[in-house]
Structure formats: C-alpha cells, structure tokens
Amino acid sequence: MNWREPKVYAIRHKNEDIRANSRSGGIFTALSDKVLENDGVVYGCVLTEKFEAIHIRAENAQDRDKMRGSKYIQSKLGDTFVRIKEDVEIGREVLFSGTSCQVAGLKKFLKIEYENLICIDIVCHGVPSKNIWKEYLKWQQMKYRAKVIAVDFRNKKDFGWRDHVESIYFENGKKVNGRVFKNLFYGHSILRPSCYECKYKSIIHPGDITIADYWGIEKAAPEFDDNKGVSLALVNNNKGEKLLEQIKENIEWKKTKLEDSMQTPLKEPFLKPENREQFWKDFYENSFEYIAKKYGRYGLANKIKAVFRKIKVKLIR
Ligand SMILES: Cc1cc2nc3c(=O)[nH]c(=O)nc-3n(C[C@H](O)[C@H](O)[C@H](O)COP(=O)(O)OP(=O)(O)OC[C@H]3O[C@@H](n4cnc5c(N)ncnc54)[C@H](O)[C@@H]3O)c2cc1C
Ligand code: SF4
C-alpha cells in the first residue's frame, strides 16, 4: 500500500562514470545493481539498432546498462508482462522500470501484489509519437546524405544536465546537435492522447519508488547541484524505503522537502494544444522540413526570430 505522501530524496551515484551515463543522478543503476546482486532480473527500456524504444529483460549489468538514458518516445512492451509473471512466480527478484501508466498496467495485469516485484516509475512529461521520431531521423539522413548510426535524445556529456540538445551521429563521421525534436516534444502536439489526461500528474504514483530529474535542486539541496545530474526519488511505500536503505553505501543522498520538488508533471497534465489537429494534418500532408520549420523552430527565419527575442528580453531587463 502506497503512502499518501512520499518521502523525498536528492540522490547522486558516487560513481561519476555511472552518473555521466545516466539521465539524472544514476539512481536507476544503483537500484537495479542491488537486484542483480541478488540474482534478480531487471526489465527496462532500450533503444534498438533501428532506434525504436522497446522493453527488454536483463540478467546482467551489460544488458542493464543499455537501459540507461531517457528515450523520449513510447516504448513497446511486447510480452514483458507475461515474462515478469513467470519470473516472479518462480521466486526471482524482479525490478520493472517504466512510465507510471506502464507500472499501473503491469499491476493490473498481475492482479496480485508480489513481495519479490519492485516497480520503479519515472516522473513523465508524456511520450511523443514514434512516427514523428521515425520521420525526424529520415529527414536528418536525407539532409546529411548519410545513415544515422547513433542518437542521444539529450546529450548531457557535451551540454550539461540542464540543457536539452539532441545529438545525431552519422556513418560518415558527421555529428549534428539540434533541438528540433525537443521543440516538437515540448510543443506537446506529438504526445500520446492519453498523456493529456494522465492520472499520474500528482504526488501519488503506482511505483514503489518514483524517479526523476531533480528540478529545483538549487533550492532543495544546492550543494548537490553541479549540472552533472541529480535524481529526485519519491519513496512511496515500505518496500521502496527498504530498497533505498540497501543502496545508501553507493549513493550520496539527502532528505529534502516535497514543496521544493514540485515540477509541473507532479501537479497536472499538460493541456492538449489548440493547434494539435492542425499539426497532425500538416504532418500527413507536408514534408518533415515543413513541420520542422513551422513547429520545431528550424531554419533561418526562426534563428532570426530567436535573436530578436533575446534582444527584446535584454532591453526589457
Ligand atoms: C518519456 C520520458 C519522459 C520523462 N519526463 C520527465 C519529466 O517530466 N520530469 C523529469 O524530471 N524527468 C523525466 N524523465 C526522465 C527521468 O528523469 C529519468 O528517467 C530519471 O531521472 C532517472 O534517472 P537516472 O539517472 O536513474 O536515469 P537512467 O539510468 O538514465 O534511467 C533510465 C530509466 O528510464 C527508463 N526509460 C527510458 N526511456 C524510457 C521510455 N521511453 N519509456 C519507459 N521507460 C524509459 C529506463 O527503463 C530506465 O529505468 C522522463 C523520461 C522519459 C523516458
Ligand atoms: S504522461 Fe502519463 S499517460 Fe502519458 S506516458 Fe507518461 S505516465 Fe503514461
């Protein structure tokens, strides 16, 4: 049974390499390492060679490491729930990580509360459509006349934890940094329809522990804030608290206040944009370049507008 109010922590993994390779402070690796140590199984989201997000099962650190990093598209679950049921029923310790609606879906599927199942959900802005992601990559390949060989949805190593720059790596050695997909994501028209009515935009979550980027860390625990990533952990019940106790030797942690940690996705869903229908009509009827310019702030005209915006802000200040 989850508490009515979570206990709140700021967390950084003590291993700097792990933190650099994780989206925020590396809490997912610390939690899943404990499960692997106990001969358990970890389920989470990876990106395939075709750049699709899917959930996989991992029994070792090598496979689990592929789950690190946020993939800002909807992950395909396949037969994940069936496999989890098999694992928990033979007594393996299992950790499942995913969006809150995936965790809620798993619990509904299983019907029984298993003591040996740990659920970690992420504070979730919403999931963008994978069709847009696919067309975005095709457009990049056409523009640069080379095959995409790797992507980073949010390049923390080169730009720091707070910034949001996507990096695309090509077969011919080129690398492109941009913000078009990010701008479409934050424009909200590409979110799944259910995300506008998400039940989990509150402090109540279905996981044993809910994890996120610790936005507001500069107030909640400024001594943790080095722009290399801090995780927010909302501990929702006794099981989550017990697991957190077990990883404390590998992390730096501080108990913080809920009121200093309230980012928008913990309060309310994002509104469905008024121009959402127009966006999708445009997407089906036009080239991706048109979409990038109209909605993704791509191109010279948008660059000029951005410069004017910056000048205006400076003048007002
Ligand atoms: C779609 C999406 C929206 C997000 N929105 C927010 C937000 O609004 N606010 C916020 O603070 N943080 C958000 N996050 C990121 C969340 O902050 C991190 O997952 C969390 O900080 C974990 O940090 P870590 O350092 O332990 O990460 P990592 O070790 O990088 O952990 C990655 C974890 O995320 C899971 N994951 C990655 N991609 C997906 C996916 N597409 N679907 C399901 N699970 C996935 C993996 O299974 C793994 O458990 C979002 C992530 C995703 C994928
Ligand atoms: S915003 Fe809510 S409904 Fe949408 S993917 Fe995230 S948890 Fe699921």
Side-chain angles (χ1 to χ4, degrees), residues 2 6 23-24 28 43-48 51-55 67 69-78 80-81 96-109 119-137 151 153-154 164 166 179-207 209-216 231-234 236 261-284 288 291-292 294-297:
N2 283 11
R23 168 56 215 139
S24 57
F28 167 69
Y43 287 85
C45 170
V46 302
L47 206 60
T48 66
F51 309 111
E52 292 164 346
I54 60 164
H55 264 66
M67 297 172 189
S70 292
K71 296 97 195 166
Y72 294 125
I73 41 172
Q74 188 175 354
S75 173
K76 201 168 159 190
L77 287 166
T80 298
F81 290 178
F96 173 76
S97 71
T99 59
S100 305
C101 58
Q102 288 174 334
V103 168
L106 171 64
K107 292 199 163 179
K108 210 167 173 188
F109 173 81
C119 290
I120 307 294
D121 63 336
I122 56 179
V123 171
C124 177
H125 192 103
V127 283
S129 148
K130 53 188 176 197
N131 286 347
I132 304 284
W133 172 243
K134 225 164 91 184
E135 290 306 313
Y136 167 69
L137 290 182
V151 299
F153 281 84
R154 191 165 179 164
H164 193 150
E166 62 237 9
R179 295 177 200 267
V180 170
F181 191 74
K182 169 227 146 186
N183 290 334
L184 295 176
F185 181 14
Y186 292 157
H188 298 152
S189 286
I190 69 172
L191 300 186
R192 213 176 64 176
S194 56
C195 300
Y196 306 118
E197 285 156 28
C198 178
K199 284 201 287 189
Y200 309 104
K201 294 283 180 290
S202 85
I203 56 163
I204 305 296
H205 284 258
I209 300 182
T210 304
I211 61 177
D213 288 297
Y214 206 134
W215 303 133
S231 298
L232 167 72
L234 304 177
N236 299 318
S261 323
M262 293 300 291
Q263 52 171 293
T264 306
L266 289 173
K267 294 185 214 160
E268 59 198 356
F270 294 102
L271 291 176
K272 184 167 154 180
E274 277 175 12
N275 64 350
R276 190 177 191 275
E277 271 174 34
Q278 184 63 46
F279 171 89
W280 282 97
K281 192 168 177 285
D282 283 344
F283 174 68
Y284 287 119
F288 196 88
I291 294 297
K294 185 166 176 189
Y295 300 96
R297 298 195 205 153

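Keep in mind the model is a prediction, meaning the values are calculated, not measured.
In this structure, Glu277 places its CD atom where only 12 or fewer heavy-atom neighbours from other residues, nucleotides or ligands lie under 6.0 Å away. Around atom CZ of Arg23, more than 12 heavy atoms belonging to other residues, nucleotides or ligands sit under 6.0 Å away. Counting heavy atoms of neighbouring residues, nucleotides and ligands inside a 6.0 Å radius, atom NZ of Lys294 exceeds 12 of them. Within a 6.0 Å radius of NZ in Lys107, other residues, nucleotides and ligands contribute more than 12 heavy atoms.
Here the CH2-OG distance, from Trp280 to Ser129, works out to 3.5 Å after rounding to the nearest 0.5 Å. Between atom OG of residue Ser24 and atom CG of residue Asp213 there is a gap of 5.0 Å, rounded to the nearest 0.5 Å. Separation of atoms CZ (Arg192) and CD (Glu197) is listed at 11.5 Å; rounding is to 0.5 Å. Distance CG/Leu232 to CD1/Ile209: 11.5 Å, rounded to 0.5 Å. One finds the CD atom of Gln278 at 10.0 Å from the OG atom of Ser189 (value rounded to the nearest 0.5 Å). Leu47 contributes atom CG, which lies 7.0 Å from atom NZ of Lys71 (distance to the nearest 0.5 angstrom).
Between Asn236 and Thr210 there is a side-chain heavy-atom pair separated by less than 4.5 Å. Using a 4.5 Å cut-off on side-chain heavy atoms (C-beta onward), Ile291 and Ile132 make no contact. Using a 4.5 Å heavy-atom cutoff, the side chains of Pro6 and His205 are not in contact. The shortest distance between side-chain heavy atoms of Tyr196 and Arg276 falls below 4.5 Å. Residues Val123 and Trp215 form no side-chain contact, since every pair of their non-hydrogen atoms from C-beta on lies 4.5 Å or further apart. Contact of the Met262 side chain with the Lys267 side chain is registered, since non-hydrogen atoms from C-beta on lie closer than 4.5 Å. For the pair Glu166 and Val180, the minimum side-chain heavy-atom distance is below 4.5 Å. Side-chain contact check for Asp121 versus Tyr200: every heavy-atom pair is 4.5 Å or farther apart.
Gln74 places no side-chain N or O within donor-acceptor distance of the main-chain N or O of Lys130, the cut-off being under 3.5 Å. Not one N or O on the side chain of Ser70 forms a donor-acceptor pair closer than 3.5 Å with the backbone of Tyr72. Side chain of Lys201 to main chain of Cys124: a donor-acceptor pair is present (N/O by atom type, distance under 3.5 Å, no hydrogens or angles).
Side-chain polar atoms of Tyr295 and Asn275 form no donor-acceptor pair below 3.5 angstrom.
Closest non-hydrogen pair, Pro269 versus Cys198, comes out as CG-O, 3.8 Å. Looking at every heavy atom in both residues, Tyr214 comes nearest to Ser231 through CD1-O, 3.6 Å. Between Phe288 and Glu135, the closest heavy-atom pair is CD1-CB, 3.7 Å. Across all non-hydrogen atoms, the minimal contact from His125 to Leu191 is O-CD1, 3.9 Å. Scanning both residues, Phe81 and Gly105, for their nearest heavy atoms gives CE1-C, 3.5 Å. In this structure, Thr99 and Ile122 approach most closely via the heavy-atom pair CA-CG1, 3.9 Å.
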What's the verdict on side chain to side chain contact (heavy atoms under 4.5 Å, CB included) for Asn2 and Ile204, showing C-alpha distance, side-chain angles and the deciding distance?
CA-CA 8 Å; Asn2 283 11; Ile204 305 296; 5.8 Å; no

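Under the 6.0 Å cut-off for aromatic ring centres, His55 and Phe96 qualify, their centroids lying closer than that.
A ring-ring contact (aromatic ring centres under 6.0 Å, His included) with Phe153 holds for exactly one of Phe185, Tyr136, Trp133; it is Trp133.
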